[in-house]
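In what follows, every chain begins at residue 1, and chains take the letters A, B, ... in the order their sequences are listed.
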2 protein chains.
Amino acid sequence: MAAGQGITQVLERLDTGLPDALERLQAFLRIPSVSTEPAHACDVRRAAEWLRDELTSLGFDASLRETAGHPAVVAHSQPGEGRKLLFYGHYDVQPVDPLNLWDRPPFEPQIEDTPEGRVIRGRGAADDKGQLMTFVEAFRAWRDVHGSLPPNLTLLIEGEEEAGSPSLDDLLRANADELRCNLAMICDTGMYADGRPAITTQLRGLVGDQITVRAADRDLHSGSFGGLAANPIQLLVNALATIKDEDGRITLPGFYDGVPEIGNEMRSDWEALAFDPAEFLGRVGLRNPVGERGRTGLEMAWARPTFEINGIIGGYTGDGFKTVLPGEAHAKVSFRLTGTQDPAPIREAFRERIRSMIPDDCTVTFEAHGASPASVMDISDPAFAAAKAALSEEWGRDAAYIGAGGSIPVAGSFKTLLGMDSMLIGFGRDDDRIHSPNEKYNVASFAKGARSWVRVLDAVRG
Amino acid sequence: MAAGQGITQVLERLDTGLPDALERLQAFLRIPSVSTEPAHACDVRRAAEWLRDELTSLGFDASLRETAGHPAVVAHSQPGEGRKLLFYGHYDVQPVDPLNLWDRPPFEPQIEDTPEGRVIRGRGAADDKGQLMTFVEAFRAWRDVHGSLPPNLTLLIEGEEEAGSPSLDDLLRANADELRCNLAMICDTGMYADGRPAITTQLRGLVGDQITVRAADRDLHSGSFGGLAANPIQLLVNALATIKDEDGRITLPGFYDGVPEIGNEMRSDWEALAFDPAEFLGRVGLRNPVGERGRTGLEMAWARPTFEINGIIGGYTGDGFKTVLPGEAHAKVSFRLTGTQDPAPIREAFRERIRSMIPDDCTVTFEAHGASPASVMDISDPAFAAAKAALSEEWGRDAAYIGAGGSIPVAGSFKTLLGMDSMLIGFGRDDDRIHSPNEKYNVASFAKGARSWVRVLDAVRG
């Protein structure tokens, strides 16, 4: 089948079928597939089975794949010519706490007219059931028009994403030959803030570390020992205060090795986004960007490495006051990485800095929490330009290459374990309230998202 | 009665009466007068009544004084010539948790032979029932020999010391004329580390403060906002790291106003104590004193002001890891004061420093926790030299004027509310494990403590 053939009919088919598609999504959303809560284990499996049956009815060869935790759904269309594409999504959802902040029962979805437009309200509407159903509905319309599914498709829909995907790497290793395609399409990201379509092409990496500073072998009374005995909170505070300088730069030796400047095409795309840091921060009650001096807001958010203290605790933290001089203090910190920064030497440089600030009668110990390099997609692959053009066509405005501050570990796993690049396209919006009460997904995201996949599929599969 | 008369017989009477005195102390210790636990309220009152009855049987005019909390016991001997002395102690005790770390039931005291000598083991043995019974037994022996109590004595034994003495100031105000004496004798301190008798003549003051730094109006995901949004933990850490410099000096402007150098007599007493900071810190697993460079260990512990971070908390502090960028962070800090340092401007200088480190789109708020100036006793009062000589005589070694790092608020209340100076003499030892499981009081402290009071009373009352 040549590129472009039958696109118009498929898009029309999606438009006329939208009411039914919304019914199907709501049926999916009614299954409370909360992967982190053991009480919902059967519901999680039920959601996997619902999806398997749905895909089977479309003509996919679909099955559950058991893991140490929740099952994944794997499906294949018939073999054929052109690129082999893997579509990734996840059918599990976040917990709903705090329930009292929801305006309606989180697993009784409904369509609402709101100032934000028509939305589907309910847990999982945007993250990720609504998003993954955009490509499922695209495949359905394609089959309805052409009589068969697009060939060479593999679907991998996992049920543990919100739990940190503990079984995913094992699943990829055990089924590498079956799952390896030419390109992975990951539908778990969003559009740019103003609703512009976007392809996420760079994700920061992460190094997480936990620090425990120990001084006296017990908690002391600050009256008796204050002025003589080392205070582990003070030691920790003094050490953590040295990691960044006044210009927001990280002071560890060698830290910036491998941090690239962004390319010209990306820089021009980002300038066009007219990102306003003050407006962005204003949504959470702040105003001043705190990243490296001389960098633009989007560079700070997407393209520059960072250091954050994610948690700290020590001494007495209850009501009132105790003049304790504690025996130990703890912190959790993380670095976001870009380019080819190597997690291992960065972790070691950090630990060496902390150690150098601890006197020899105290001790410091560390516990590693996660290490993943940044992902930067190779946009010289023509599939990227093709997908960008297809998105621009559907949305009537220029699609952008954007970055994301966070990590999407599945993209790293695809690259590392299967040697497969990823393209991240999604239709979420900043106000979707994923992970929070009153999650929603715009009907426009759902409808035009499905239409987008038809165009992207046609443009990319070759 | 002239000074010195009858001393020998009174001391002999104490020696022969020791077995009975130990029985009485153990009866007192069997009453679980835990003032902070409502379940023990009746036991607390029972201990007050036991003490009142004991003092009445000695010839005191003794009564319970009701307060908003637990009653105090007030007792008077007959009026007469010489100094009026107020003896202070407390009959309430610390909770016993963790109970499983006690080698025996904490309220079933017994005499044990141990490597530390013969000891009375049980909750309250040292803090403060055993200590206050040293002067009660001294008065009993005096009466037995002389037929009447020493004149001009007032006893004030409170039942809320371990709860922070919430009713004490009201009691002092309401009974100021009755309780005001020429000098207060406070028996709630210890001897010097090596068992040398001591009079505690300086106590540090305290300024406590609590800091809350707020940045974003909610917790953020560090992937989305890291690099742009202010991190309140980092702000707090940066600010707290500036309070002390590398030489251990506090950097707040005007902080050292009113900090005196210690006098020559004190300095020579302290040198004679041959304090070894490494040995002292070695007991809690440390080695290096951390106070101001160029100061002796005892100056750091007793005579120099300090800054301590007593508690800190912010962000995610549970198991595992979350890449949260929190909305707020908190710390509790305290300064120990010496000389005539004024708590109010020190608190304000601290707050001004913290404020100066917080950007204008974030906020910092403070909550005051306690403000008391240091107490430095006027050792030019001849009573001090007389008491020091009496203690040296009893223990066969030179008594010392020592400092204490902590605060004993009752001394400040006596001074402020009654205009009365205090002399702090006690016989506790560093290894008594007060506030901890297996509290004990050496039988030698108890026996020679009572004998000490006979000598001190004779020397001081004039």
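- Contacts of residues 290-299 of chain B with chain A at a heavy-atom distance below 4.5 Å involve B/Val290, B/Gly291, B/Gly297, listed in sequence order.
- For the options A/Asn231, A/Asn238, A/Thr306, heavy-atom pairs under 4.5 Å to chain B are most numerous at A/Asn231.
- When B/Val324, B/Asn288, B/Thr323, B/Ile243 are compared by the number of non-hydrogen pairs under 4.5 Å with chain A, B/Asn288 comes out ahead.
- Here A/Ala230 is the residue among A/Ala331, A/Pro305, A/Ala230 with the most heavy-atom pairs under 4.5 Å with chain B.
- Between the CG atom in A/Leu286 and the CZ atom in B/Phe225 there is a gap of 8.5 Å [rounded to 0.5 Å].
- Of the listed residues A/Leu220, A/Val284, A/Val237, the one with more heavy-atom pairs under 4.5 angstrom with chain B than any other is A/Val284.
- In this structure, B/Ser222 and A/Glu308 approach most closely via the heavy-atom pair CB-CG, 4.3 Å.
- For residues 210-218 of chain A, the interface with chain B (any heavy-atom pair closer than 4.5 Å) comprises A/Gln210, A/Ala215, A/Ala216, A/Asp217, A/Arg218, sorted by residue number.
- With a 4.5 Å cut-off on non-hydrogen atoms, B/Asp430 does not touch chain A at all.
- When the candidates B/Gly314, B/Gly285, B/Gly315 are compared by the number of heavy-atom contacts under 4.5 Å with chain A, B/Gly314 comes out ahead.
- With sequence neighbours excluded, the residues that form a side-chain contact (heavy atoms from CB on, under 4.5 Å) with B/Pro437 are B/Pro98, B/Leu101, B/Trp102.
- Among the candidates B/Arg283, B/Glu367, B/Gln234, the residue making the largest number of heavy-atom pairs closer than 4.5 Å to chain A is B/Gln234.
- Contact count versus chain B (heavy atoms, under 4.5 Å) is highest, among A/Leu325, A/Leu206, A/Thr317, for A/Thr317.
- When each of B/Ile312, B/Thr242, B/Asp219, B/Ile233 is scored by its heavy-atom pairs under 4.5 Å with chain A, the top score falls to B/Ile312.
- Considering only heavy-atom pairs separated by less than 4.5 Å from chain B, the leading option among A/Ala239, A/Ser334, A/Ala229 is A/Ala229.
- Partners of B/Asp276 by salt bridge (Lys or Arg N to Asp or Glu O under 4.0 Å), not counting sequence neighbours: none found.
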Original post:
Are B/Leu228 and A/Phe275 close enough, and set up right, to give a side-chain contact (heavy atoms from CB on, under 4.5 Å), and what steps lead you there?
Top reply: CA-CA 12 Å; B/Leu228 279 171; A/Phe275 176 75; 3.9 Å; yes
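- For B/Leu236, no part sits under 4.5 Å from any heavy atom of chain A, backbone or side chain.
- With a 4.5 Å cut-off on non-hydrogen atoms, A/Asp360 touches chain B through its backbone and its side chain both.
- Atom NZ of residue A/Lys332 and atom NZ of residue B/Lys322 lie 10.5 Å apart, to the nearest 0.5 angstrom.
- Interatomic distance, OG of A/Ser224 versus CZ of B/Phe280, reported as 6.5 Å (0.5 Å rounding).
- No other option in A/His221, A/Met300, A/Arg287 has as many heavy-atom pairs under 4.5 Å with chain B as A/Arg287.
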